[in-house]
Amino acid sequence: MSPQFLGRCPECGNWDTLVEQISKVTGRGFNKKEVKKSIKESEIINISDIEKQQFARLSSNIAEFDRVLGGGVVLGSLVLVSGDPGIGKSTLLTQLALNITAVGPASPIGTLYVAGEESAQQIKLRADRIKPKASLAVLNETDVDVIAAVIEQVRPPLVIVDSIQTLETTDLESVAGSVGQVRESAHRLQKLAKKLHVPIMIVGHVTKEGTVAGPKTLEHVVDVVLSLEGDPVSQFRILRTTKNRFGPTDEVGIFEMEEQGMVEVKNPSQIFLDEQVNAPGSAVVATLNGLRPILLEIQALVTKSSLPIPRRVGTGIDNNRLQLLVAVLSKRLNLPLFDQDIFVNVTGGLKVTEPAADLAICMAIISSFRDKPLLKKSIFIGEVGLLGELRSIRQLDKRASEAKKLGFTKVISPANAKSLTEAVKLVLANV
Ligand code: TYD
Ligand code: MG
């Protein structure tokens, strides 16, 4: 605690770690009398006395978006949509805004789009691309208290705040975008959402560090965290739930960024495998995202290296995992990979973090190294252990049935191969 801003914390000695807060002492009077009063007023409730009720939800009319939220936006919830700049957050939320219109005399306007970053003119340009001659209520304002007053007055069915980093309250002296301002603004919006039963969605940019003034400080304050991910060069975008107080996490929605905004991808597996050819270095895996199996192609290219330390480059997979798998392949299958450059890529610009993709990564590398395609119509699911053994993974049946649906006839998994060696024997002759 310090009454004024200090660049360096006198206690821990670190720079730039002090965060401005509203003083309880000078601000609202934090004395014993006050505390006693609040205890008297608050009520202790037994949960058995509470009647269970379904959370009322508002549908966005975008099926993928609703599913990620667990069936629509819960009224009175504060939802954070985070993601890198330029990934499409404003586009997706504008689409959402245009889909939710006025809901009767209590809220005569449709969604209220609070724009702190862009002018109404820019919002119009974007909205017109999505839906020509669209109608949308825009508020160009950054003072969170003014915004709260407007929301209280007009009672929109949904509020979108783009972005939280531009909001500020005059009760704090620090600049907009600082940790203190971002946190305080989010707190005020959270209270307002609960009081008025209005869902509020806020956009949060991921800063380079990922922590300072970024969504990380916000995650505790909000009810739901959605993150929009994707490779900027690819048109696919994944909307993922990482926190949800009203539904499942780990759910994903897949979109394609097109001229007219984000288009839902209803059958992702089919699209991701559309261009797959049975060439050396290609292996297909069934990943599981939330409850949904998605088939992806993993490609590997193994070539003779001209460098003293050959390269291992993974795009869409963890590089450390790749190093480990290459070491297992060298040791357990005696593959002379020590002088080979190895590149592994997940097609479609997607990321795979599941160990279930280990086997497909290994098979793609082996196939490229031997320059032989893997058995046609086969799919690979399994974690690879350090001893070269295949380890079981969750929901194998679900993944296998999705693969069968898409015409894969051979599923290689811990169910029919106990080790990498056995898996290789099943799909690569004469190795
Ligand atoms: P934007 O939603 O502004 O990203 P964010 O709010 O996350 O920073 O959109 C980023 C990119 O999307 C921008 O370069 C233009 C492109 N875009 C489309 O491809 N199609 C569209 O319909 C729109 C509105 C934008
Ligand atoms: Mg934006």
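Every number for a ligand or one of its atoms is a count from 1 in the order of the listing.
- Nearest protein neighbour of atom 6 (O) of ligand 1, counting heavy atoms only, is S90 OG, 2.6 Å.
- T409 contributes atom OG1, which lies 7.0 Å from atom CG of L375 (distance to the nearest 0.5 angstrom).
- Neither side chain, S305 nor D339, offers a donor N or O lying under 3.5 Å from an acceptor on the other.
- Summarising the contacts of atom 3 (O) of ligand 1 with Q235, R126, R129, the nearest heavy atom is found in R126.
- With rounding to the nearest 0.5 angstrom, the CD1 atom of I164 is 11.5 Å from the CD atom of E117.
- The CZ atom of R237 sits 11.0 Å away from the CD atom of E229 when rounded to the nearest 0.5 Å.
- A donor-acceptor contact closer than 3.5 angstrom is absent between the side chains of T169 and Q181.
- Sparse packing is recorded around CD1 of I309, with 12 or fewer heavy atoms of other residues, nucleotides or ligands lying under 6.0 Å away.
- The heavy-atom pair separating M262 from I87 by the smallest distance is CE-O, 4.2 Å.
- Under a 4.0 Å criterion applied to the non-hydrogen atoms of T91, ligand 1 contributes the atoms 1 (P), 2 (O), 9 (O), 23 (C), 24 (C), 25 (C).
- The protein atom (non-hydrogen) at minimum distance from atom 4 (O) of ligand 1 is G88 N, 3.1 Å.
- At least one side-chain heavy atom of I160 sits less than 4.5 Å from a side-chain heavy atom of Y113.
- With waters neither drawn nor counted, the protein N/O/S atoms under 2.8 Å from the Mg ion (ligand 2) amount to 1.
- For atom 24 (C) of ligand 1, the nearest protein heavy atom lies under 4.0 Å away.
- Between V427 and I412, the closest side-chain pair of non-hydrogen atoms falls below 4.5 Å.
- Heavy-atom proximity to E259, at under 4.0 Å, picks out these atoms of ligand 1: 20 (N), 21 (C), 22 (O).
- For the pair L167 and V182, the minimum side-chain heavy-atom distance is 4.5 Å or more.
- For a threshold of 3.5 Å applied to N or O pairs, the pair formed by P85 and ligand 1 contains no separation below that value.
- Not a single N or O atom of M257, backbone or side chain, sits closer than 3.5 Å to an N or O atom of ligand 1.
- At a 3.5 angstrom cut-off on N or O pairs, H205 does not count as close to ligand 1.
- Not one N or O of E118 is nearer than 3.5 Å to an N or O of ligand 1, by distance alone.
- Applying the 4.0 Å criterion to heavy atoms of E258 picks out, from ligand 1, the atoms 18 (C), 19 (O), 20 (N), 21 (C), 22 (O).
- Residue contact check for ligand 1: G86 places a non-hydrogen atom closer than 4.0 Å to it.
- Here the side chains of V222 and I202 are in contact, with some heavy-atom distance below 4.5 Å.
- Proximity of L359 to E383: side-chain heavy atoms (C-beta onward) are nowhere separated by under 4.5 Å.
- The proximity of K89 to ligand 1, defined as any non-hydrogen pair under 4.0 Å, involves the side chain as well as the backbone.
- With hydrogens and angles left out, the side-chain atoms of S269 and E402 include a donor and acceptor closer than 3.5 Å.
- Checking atom 14 (O) of ligand 1 against the protein gives no heavy-atom contact under 4.0 Å.
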